[in-house]
Amino acid sequence: MPLLPGAEPFRRDGGEVGVLVCHGFTGSPQSVRPWAEYLADRGASVTLPLLPGHGTRLQDMAVTTWQDWYAEVDRELRALSERCTKVFVCGLSMGGALALRLAARHGDAVSGVVVVNPANKVHDAAAPLLPVLRHFVPTTKGVASDIAKPGAEEVGYDRVPLHAAYSLRQFLRLVDAELPQVTQPLLVMTSPQDHVVPPADSERVLARVSSTDVDRTLLERSYHVATLDHDAEQIFRDTAAFIERLAPGALTEPVDEGTAARGGA
């Protein structure tokens, strides 16, 4: 099945510190690719997988579940761990929930966690009806492209399959129960103006994890897909600083080819 433009997974081998980046529900790697590339350009070994059912067509997602999505990032984490001395997990929205579950399940194999507007609950008023409603109503309105920056767009589905939404609800309940098992250093970045995942979800995550090394960043100028929004560079810089603090020397500034060609002038 052909991929949507920009939905291709991203992988680049670098140094001994690995970073796994997870995209969100109904989205694709396009929404977090600049984040992944920023870290790869600074020498990290970076993997950004395409979650099953995403990045192609809505019908493909309708037959996938959270077990499929989680299995994909679990495999990628194990692969990174085989070739890296330290591995960090990062995620946007549902990708943040995936990252938190990886941390809860894998313990010391995860050196730190960075989440942007992490999802913790399906807040739609119809959510309690999903177990039944999904059998009668196939889709509902989409959640893609909640971005303040003019001209920026997210590659994702314009509808949400209710079978997948039901599975997402199950997954978020599971992750919430496992949050006390998250003990790693944690950086949570939150948009106060988010029309998809309310800031209360970040507050819930912060209240339930067992991490003692916790940083918080507010993304004042961005909506939900902050990795493509006005605060994207802040996300990238704060993530790099977080990794460098926990793994000194892991990242390096990329060489400016123009400066190098002028002999460092």
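Smallest separation of non-hydrogen atoms from Asp215 and Arg245: OD2-NH2, 3.3 Å. Residues Phe10 and Ala36 approach most closely at CD2-CB, 3.9 Å, considering heavy atoms. When every heavy atom of Ser111 is checked against every heavy atom of Leu246, the shortest pair comes out as O-CD1, 4.1 Å. The two residues His224 and Val197 have their closest heavy-atom pair at CE1-CG2, 3.4 Å. Here the closest heavy-atom approach between residue Ser222 and residue Ser191 is recorded as O-CB, 3.2 Å. Nearest heavy atoms, Ser81 versus Ala109: OG-O, 4.3 Å.
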Decide salt bridge (charged side-chain N to carboxylate O under 4.0 Å, His left out) for Arg204 and Asp201; before the verdict, give the C-alpha distance in whole Å, the side-chain angles of both, and the deciding distance to 0.1 Å. CA-CA 5 Å; Arg204 174 75 175 179; Asp201 282 28; over 6 Å; no
Item to complete: Under the side chain to side chain contact (heavy atoms under 4.5 Å, CB included) rule, what do Leu77 and Val87 come out as? Steps first, then yes or no, please.
Response: CA-CA 8 Å; Leu77 175 62; Val87 177; 3.4 Å; yes
Report task. Show your reasoning for whether side chain to side chain contact (heavy atoms under 4.5 Å, CB included) applies to Phe88 and Val114. Result -> CA-CA 8 Å; Phe88 295 82; Val114 182; 5.8 Å; no
Side chain to side chain contact (heavy atoms under 4.5 Å, CB included), that's the test. Do Ile243 and Arg42 meet it? Break it down for me.
CA-CA 11 Å; Ile243 293 172; Arg42 282 152 182 77; over 6 Å; no
Practice prompt. Dump the intermediate steps for salt bridge (charged side-chain N to carboxylate O under 4.0 Å, His left out) on Asp176 and Lys121, then the final yes or no.
Written response: CA-CA 8 Å; Asp176 184 69; Lys121 181 180 179 181; over 6 Å; no
query: Which is it for Val89 and Cys22 under the side chain to side chain contact (heavy atoms under 4.5 Å, CB included) test, yes or no, and what are the steps along the way?
result: CA-CA 8 Å; Val89 292; Cys22 308; 5.8 Å; no
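The same ILVMFWY cluster, assembled from side-chain heavy atoms under 4.5 Å apart, contains both Val17 and Phe236. Under a hydrophobic clustering in which Ile, Leu, Val, Met, Phe, Trp and Tyr are joined whenever their side-chain heavy atoms come within less than 4.5 Å, directly or via other members, Leu20 and Val46 fall into different clusters. Leu51 and Leu174 fall within the same hydrophobic cluster, where Ile, Leu, Val, Met, Phe, Trp and Tyr residues are linked whenever their side-chain heavy atoms come under 4.5 Å apart, directly or through other members. Side-chain heavy atoms closer than 4.5 Å link hydrophobic residues (I, L, V, M, F, W, Y) into clusters, and following such links, possibly through other members, connects Leu102 to Leu80. Placement of Val19 and Leu186 in two distinct hydrophobic clusters is found when ILVMFWY residues are connected by side-chain heavy-atom separations under 4.5 Å, directly or transitively.
With contacts defined as side-chain heavy-atom distances shorter than 4.5 Å, the pair Thr227/Pro34 does not qualify. In this structure, Asn120 and Val175 have side chains that are not in contact, with every pair of non-hydrogen atoms separated by 4.5 Å or more. Side chains of Tyr157 and Thr56 form a contact here, defined as non-hydrogen atoms less than 4.5 Å apart. Taking 4.5 Å as the limit, every side-chain heavy atom of Tyr38 sits out of range of all side-chain heavy atoms of Thr239. With a 4.5 Å cut-off on side-chain heavy atoms, Val155 and Arg33 do not count as touching. No side-chain heavy atom of Thr217 sits under 4.5 Å from any side-chain heavy atom of Thr190. You'll find the side chain of His23 reaches within 4.5 Å of the side chain of His54, heavy atoms only. Looking at Ser167 and Trp66, their side chains come closer than 4.5 Å, going by heavy atoms from C-beta outward.
Taking a 6.0 Å sphere around CD of Glu16, one finds it holds 12 or fewer heavy atoms contributed by other residues, nucleotides or ligands. Within 6.0 Å of atom CD in Glu153, 12 or fewer heavy atoms from other residues, nucleotides or ligands are found, so the atom counts as exposed in its surroundings. Under a cut-off of 6.0 angstrom, the local environment of CD in Gln193 is sparse, with at most 12 non-hydrogen atoms contributed by other residues, nucleotides or ligands. Heavy atoms from other residues, nucleotides or ligands lying under 6.0 Å from CZ of Arg173 number 12 at most.
Between the CG atom of Asp194 and the OG atom of Ser93 there is a distance of 7.5 Å, given to the nearest 0.5 Å. Here the OG1 atom belonging to Thr65 is positioned 11.5 Å from the CG atom belonging to Leu168, to the nearest 0.5 angstrom. Atoms CE and CZ, from Met189 and Phe242 in turn, are 9.0 Å apart once rounded to the nearest 0.5 Å. Within the model, atoms CG of Leu48 and OG of Ser28 stand 8.5 Å from one another, a figure rounded to the nearest 0.5 Å. Between atom CD1 of residue Ile235 and atom NE2 of residue His230 there is a gap of 12.5 Å, rounded to the nearest 0.5 Å.
Between Val115 and the choices Leu98, Leu92, Leu100, the side chain to side chain contact (heavy atoms under 4.5 Å, CB included) rule is met once, by Leu100. With Asp74 as reference, His106 is the one residue of Arg105, Arg101, His106 to meet the side-chain hydrogen bond (donor to acceptor under 3.5 Å, both in side chains) rule.
Looking at Ser45, its side chain does come within 3.5 Å of a backbone N or O of Gly15 through a donor-acceptor pair. Not a single donor-acceptor pair under 3.5 Å links the side chain of Ser211 to the backbone N or O of Pro185. Without hydrogens or angle criteria, Arg208 side chain to Leu179 main chain gives no donor-acceptor distance under 3.5 Å. A distance-only check finds a donor-acceptor pair linking the side chain of Gln184 to the backbone of Ala103 [under 3.5 Å]. Judged by distance alone, with hydrogens and angles left aside, the side-chain atoms of Asp146 form a donor-acceptor pair with the main-chain N or O of His195 at under 3.5 Å.
Using bins of under 30°, 30° to 60° and over 60° for the plane-to-plane angle, the ring pair Phe171/Tyr70 lands in the tilted bin.
Classification of Arg216 and Glu203 as a salt-bridged pair holds, one side-chain N sitting under 4.0 Å from a carboxylate O.
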